[in-house]
Structure formats: structure tokens, C-alpha cells
Amino acid sequence: MKIGMYAYTVGPDGMLRVVEKAARAKGHDVIRLEPNKQGVVSARKHELSDCDVLVMGLSSVHVEEELELAEYLEGKPRFVVEDVPESACRPGAEIFAPKVELCLVAREDAIHSARKFGFAPDRVRYIGPPPHWGESY
């Protein structure tokens, strides 16, 4: 499977690097666009056009970059992975939430917020704290 990954800022990108490592270990091809470069989506989104799925983290700033990529890959399954509680509920992403295949929240108590935000109730899951948090949670 070919997996596209993107988050604009380094926080959610750090979570995606953990997911990328696990995906590569299972034999998947991964293309992860680099963070903190405004316009990288416009310049490189075509590289993800043949991906089977898109995995994203939503940033606290410039969520427009993530949404541009999600719109470009309309019709492909899209996943959101939180790096911190309620990061899937960024202002501006409400229109995108119902179109997400699966939203993995960072803490169990964030499930209600994600559903209220607009993610489909049966498409919000908690599987445990992200591994890069270590002992902090």
C-alpha cells in the first residue's frame, strides 16, 4: 500500500514520523511531505496522487495546507492522527471532519469532542497515547 502523510507543523509531523516508521516496517511505501514549508502542498501534492490513503495531523497554524491536500485527494480514504488531545478539532477543519475515514484521538476523553466537531461517531477511535509522548501521559 502507498501511504501519503502530511502535517504542516512539527508537532503533528512528529506523530506522523512514528506512524511512518511502523508503516515502513510492515512493507508499505510512504511519502511524507516535509513540515514548516508554506506552499509545499501546492508544489508537491501531485506526488501523492497515486497514494492509496492519506494520513494527516492537523496543525495549530496553517490548517489550510492540510485541507488543500485533503481536497486534492478527494475520494481517497483520509485519516487524522492526533498528536495532542483535540488537535483534530482545529478551526477551519469542520467541513473536512465528516469526510474522514478514521480519526485516532490522543486521549479517550477527546472522543466526545471529535464527534461533536463533526467526525462520524463510528469513525472516532482511541487506541492509546501516542508513543512519542513517553511517560508524560
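Note that this is a predicted model, so its numbers are computed, not measured.
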Engineer: The criterion is side chain to side chain donor-acceptor pair (under 3.5 Å); which residues satisfy it with Glu94, sequence neighbours excluded?
Structural biologist: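 Result, side chain to side chain donor-acceptor pair (under 3.5 Å) vs Glu94: none returned.
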Engineer: Excluding sequence neighbours, so at least two apart, what forms salt bridge (charged side-chain N to carboxylate O under 4.0 Å, His left out) with Asp29?
Structural biologist: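 Asp29: no salt bridge (charged side-chain N to carboxylate O under 4.0 Å, His left out) contacts found.
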Engineer: Nearest 0.5 Å, what's the NZ-CZ distance between Lys99 and Arg123?
Structural biologist: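 Output value for this atom pair is 13.0 Å.
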Engineer: Hey, can you pull the donor-acceptor pairs under 3.5 Å for the side chains in residues 110-118, sequence neighbours left out?
Structural biologist:
unit_1, atom_1, unit_2, atom_2, d
Ser113, OG, Glu86, OE2, 2.8
Arg115, NE, Pro121, O, 3.0
Arg115, NH2, Pro121, O, 3.0

Engineer: With rounding to the nearest 0.5 Å, note down the distance linking OH in Tyr72 to OG in Ser49.
Structural biologist: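 Atom-to-atom, Tyr72:OH and Ser49:OG are 4.5 Å apart.
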Engineer: Give me each pair satisfying ring-ring contact (aromatic ring centres under 6.0 Å, His included) with a member in residues 6-45, each pair once, sequence neighbours excluded.
Structural biologist: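 Those involving residues 6-45 are Tyr8-His62.
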Engineer: Please report the interatomic distance SG(Cys51) to CE(Met5), rounded to the nearest 0.5 Å.
Structural biologist: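 Atom-to-atom, Cys51:SG and Met5:CE are 9.5 Å apart.
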Engineer: Sequence neighbours left out, what passes side-chain contact (heavy atoms from CB on, under 4.5 Å) with Arg125? Give chain and number order.
Structural biologist: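 Leu102, Leu104.
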Engineer: Listed by chain and number, what are the side chain to side chain donor-acceptor pair (under 3.5 Å) partners of Lys2, not counting sequence neighbours?
Structural biologist: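 Lys2: side chain to side chain donor-acceptor pair (under 3.5 Å) contacts with Asp50.
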Engineer: Taking atom CD of Glu108 as the centre, does the number of heavy atoms from other residues, nucleotides or ligands within less than 6.0 Å exceed 12?
Structural biologist: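 No, the 6.0 Å shell around CD holds no more than 12 heavy atoms from other groups.
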Engineer: Not counting sequence neighbours, list each pair that qualifies as a salt bridge (Lys or Arg N to Asp or Glu O under 4.0 Å) and has a residue in residues 59-68.
Structural biologist: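 Listed by first then second residue: Lys45-Glu68.
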Engineer: For the residue pair Ala97 and Phe119, what are the closest heavy atoms and their distance?
Structural biologist: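 Taking Ala97 first and Phe119 second, the nearest heavy atoms are O-CD2, 3.4 Å.
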Engineer: Step by step, work out the side chain to side chain contact (heavy atoms under 4.5 Å, CB included) result for Met1 and Lys26.
Structural biologist: CA-CA 10 Å; Met1 177 182 298; Lys26 293 290 185 178; over 6 Å; no
Engineer: What residues form a salt bridge (charged side-chain N to carboxylate O under 4.0 Å, His left out) with Arg90, not counting sequence neighbours?
Structural biologist: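 Not a single residue meets the salt bridge (charged side-chain N to carboxylate O under 4.0 Å, His left out) criterion with Arg90.
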Engineer: Listing request: all side chain to side chain donor-acceptor pair (under 3.5 Å) pairs with a residue in residues 12-24, at least two apart in sequence or in separate chains.
Structural biologist: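 Counting only pairs at least two positions apart or across chains, the side chain to side chain donor-acceptor pair (under 3.5 Å) contacts touching residues 12-24 are Asp13-Arg17, Asp13-Arg32, Glu20-Arg24, Glu20-Arg32.
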Engineer: Applying salt bridge (charged side-chain N to carboxylate O under 4.0 Å, His left out), can you list everything that pairs with Asp109, at least two apart in sequence or on another chain?
Structural biologist: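 In terms of salt bridge (charged side-chain N to carboxylate O under 4.0 Å, His left out), with neighbours along the sequence ignored, Asp109 is linked to Arg107.
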Engineer: Of the non-hydrogen atoms in Ala23 and Ile3, which two are nearest, and what is the gap between them?
Structural biologist: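 That would be CB-CD1, 3.9 Å.
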Engineer: Minimum heavy-atom separation for Leu16 and Gly57, please, with both atom names.
Structural biologist: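 Minimum heavy-atom contact is CD1-N, 4.0 Å.
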Engineer: Nearest heavy-atom pair of Val63 and Pro91: which atoms, and what distance?
Structural biologist: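 Shortest heavy-atom separation between Val63 and Pro91 comes out as CG1-O, 3.5 Å.
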Engineer: Closest heavy-atom contact between Val84 and Ala106?
Structural biologist: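 Closest approach of Val84 to Ala106: C-CB, 3.7 Å.
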Engineer: What residues, two or more places apart in sequence or in another chain, satisfy salt bridge (charged side-chain N to carboxylate O under 4.0 Å, His left out) together with Glu71?
Structural biologist: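 Here no residue qualifies.
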Engineer: Among the clusters formed by ILVMFWY side chains lying less than 4.5 Å apart, do Val61 and Met56 turn up in the same one?
Structural biologist: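 Yes, because Val61 and Met56 connect within a single hydrophobic cluster, where side-chain heavy atoms sit under 4.5 Å apart.
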Engineer: Which residues pass the side-chain contact (heavy atoms from CB on, under 4.5 Å) test with Leu73, not counting sequence neighbours?
Structural biologist: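 Checked Leu73 against side-chain contact (heavy atoms from CB on, under 4.5 Å); matches are Leu48, Leu54, Leu69, Lys76.
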